[in-house]
Amino acid sequence: MGPGLILSGMTEQSDLFPASGPKGSALVATKIKALREQLNRWAHEYYVQDTPSVPDAEYDRAFQQLQALEGAYPDLVTPDSPTQRVLGAVLDGLTPVRHRVPMLSIRTETDTEASGAQAFDARVRRELKLPPDAPPVEYVAEPKFDGLAMSLRYEGGRLVQAATRGDGEVGEDVTHNVRTIRQIPLSLPAGVPPVLEVRGEVYMRRADFDALNDRQREKGDKTFVNPRNAAAGAVRQLDSGITAQRPLSFFAYGLGEVTPAAEGGPDFGTHFGMLQQLKEWGFPVAAQVQIAQGASELIAFHQRVGAERDALPYDIDGVVYKVNSLALQRQLGFVTREPRWAVAHKYPAQEMVTRVEGIDVQVGRTGKLTPVARLAPVFVGGVTVTNATLHNLFELRRKKVRVGDQVIVRRAGDVIPEVVGVVPAGAGLAVLAGSDALVDAASSADGTAPAQPLAGPRQPYVPNFRMPRQCPICGSAVVREPGEVNHRCSGGLFCPAQRKQAVLHFAQRRAMDIEGLGEKLVDQLVEGHVIRTLPDLYRLGLSSLAQLDRMAEKSAQNVLDALDKSKRTTLARFLFGLGIRHVGEATAKDLARHFGQLDAIMDAGVEQLLQVNDVGPVVAEAIHTFFAQPHNREVVEQLRACGVTWDESEPAAAATLPLAGMTVVLTGTLPTLGRDAAKDLLESAGAKVAGSVSKKTHYVVAGADAGSKLAKAQELGIPVLDEDGLHALLRGTPPNAGGA
Ligand code: IVH
């Protein structure tokens, strides 16, 4: 539970309230102010900086205290109090808001090549009448966030209005919903201009979007097309209670009205300086934002951010270049509704329209049957896509996808491409439940003409898709458990699809780490019936391997050596490698730490399994069921008989491990230890390895090229260790900090 998840709840009030009367209420006001400041600070650390400094329970306690005080002194409730973030009021409709400074759009360079940046730079230089030998113009390069534009109006440092862009002149008042966005400060520190409009993008992080759609899917509800649509829908709710359940985020990138423009207020000489100031006032500003000198650095930025695009936690649809000097921006001015000092440079669209050529069924490692659309090849999110998931039968039916249909395909980040919806036959552009994603998807890069001819009438007599009753791979019965949306093959290890995936899962680096046992080899081994079960791997001989395609004796020997080496492993890796449903790497580690010995896990009842950190009923049931199958126990016994071993330990009460309760952050490249190895060592000693540095971090282990995490550690005075220091820590000798 994060800060602010509390919706209601009162604590015991008696000890909270000072004597009544004017003196008492002044005391209460002071207490309320202190609580609000503290809660805002914690929420900022949690939501904006990703480095919470207090446990959630601490936050919740302060929150409830504030709520109780405000409950007793309703006069002291202000709209910017943290308690007012979650509102449930249902409104009649959204009220129009006239923007005092219009919300402009920016020109888009349709050119995806370097020439886009060059053309912009050349235009700027021409407009500024710079001679050819003048130094490069200084720009700021930013990601172009794929969300919706928002104007946040602060008066006297308090958020008084949030409005969508609308047509640029008139937007909609969505203040009640924007108040639920934790990254948006409700009040600002002293010293901000009396009127300050901050502009930026409200968006939904990919992980939040995926989780939201997973929840929708589980409930059998309609899923959202993409994070932008989900965000836009959430912001425009009449009931802010619904908005609050759809986690939104925010990035600031500009200003609207600011008074007084000059006197007393901060002097924003540059766009970059202004962003830094916004950051100091508590607004999230994207870490990628940077200064760039001239066209060449803009091009480099476009390429670098393009390469990082898939790995970003949120969707971007391009980058934006802005002239840094505000004086030069004023000099450049506007053409119609677009500033001459900014331009957007797009990346390939993440949604496109294409035709469904067929619907296949894929069988996964766990036996799950997934309907997959075979598509006319289409370029989406930077790659050519020919298959896209339809998730499950129910989703396919809800979306009414049939062979021959034109569909929208989305591919963003590293996730599997998916079919998000059908383009209704003959419907032209602007349909699909008012989705503007469709308009984008169906448009070419410049947003005008359709990228592909759109759907004609749906072909008559296309039969509806049906789930096969038999597994398309092994012929075993297909089953669906009550209450489950997924169909599964009941064949288990008998099913080659599950066998192949099971072997690949077992062999992967984070499990048994069998080098050289890749997809091509596993395909041959399973399809050629060379192996049927996991233990067969360890019975492979040189001759049977060397016969296979593209397998010389030398490479066959390498595989045998890798197999041999993999036998010496850890209980956690072994458990993870077995591919038990719901048992990922983290759960496997928790199980190994808790029980210490495999037999104890195999014989554990559901109740005992529930004692393990982070193991809930579903996971406990899955583990129990797995080891209740005689053929699974047999696999384990045979693997042990083949010589797979690990150190068994006493069931570790986690607290007895030497580094129990310690949080360590790894950064940079260590001279000899790989990142995973360092993580393994630390975790097996009981430490928690965290991704970011906070006040709660005990040590930072830094290697070469350590970046912001090292700086953060130094800033917070957290001991920094090098690789030797890490070993010393693991041995229990207090290491000498400061070695990196
Ligand atoms: S600046 C006067 N910066 O792109 C310039 N816009 O047409 C105003 N957007 O709908 C916009 N990321 O919501 C700017 N870093 C960024 C942006 C950005 C996304 C959106 C914005 C607007 C559209 C511009």
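Order of appearance sets the numbers: ligands from 1, and atoms from 1 within every ligand. Residue numbers count from 1 along this sequence.
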Hey, what polar pairs (N/O, under 3.5 Å) does ligand 1 make with protein?
from: ligand 1; atom 1: 3 (N); to: Lys322; atom 2: NZ; distance (Å): 2.9
from: ligand 1; atom 1: 4 (O); to: Lys144; atom 2: NZ; distance (Å): 3.2
from: ligand 1; atom 1: 7 (O); to: Ile106; atom 2: N; distance (Å): 2.9
from: ligand 1; atom 1: 12 (N); to: Phe145; atom 2: N; distance (Å): 3.0
from: ligand 1; atom 1: 13 (O); to: Glu201; atom 2: OE1; distance (Å): 2.4
from: ligand 1; atom 1: 13 (O); to: Tyr253; atom 2: OH; distance (Å): 2.8
from: ligand 1; atom 1: 15 (N); to: Glu142; atom 2: OE1; distance (Å): 2.7
from: ligand 1; atom 1: 15 (N); to: Pro143; atom 2: O; distance (Å): 3.1

On the 0 to 90° scale, with breaks at 30° and 60°, tag the His345-His302 ring pair as parallel, tilted or perpendicular.
parallel
Can you check whether Leu148 reaches Tyr203 side chain to side chain, under 4.5 Å on heavy atoms?
no
So among Glu142, Lys144, His271, which one has a side chain to side chain contact (heavy atoms under 4.5 Å, CB included) with Tyr253?
Glu142
Contact check, side chains of Ser105 and Glu338, non-hydrogen atoms, under 4.5 Å:
yes
Under 4.0 Å between a side-chain nitrogen and a carboxylate oxygen: does that hold for Lys346 and Asp317?
yes
Step by step, would you call Lys399 with Glu395 a salt bridge (Lys or Arg N to Asp or Glu O under 4.0 Å)?
CA-CA 6 Å; Lys399 289 177 179 163; Glu395 193 153 335; 2.7 Å; yes
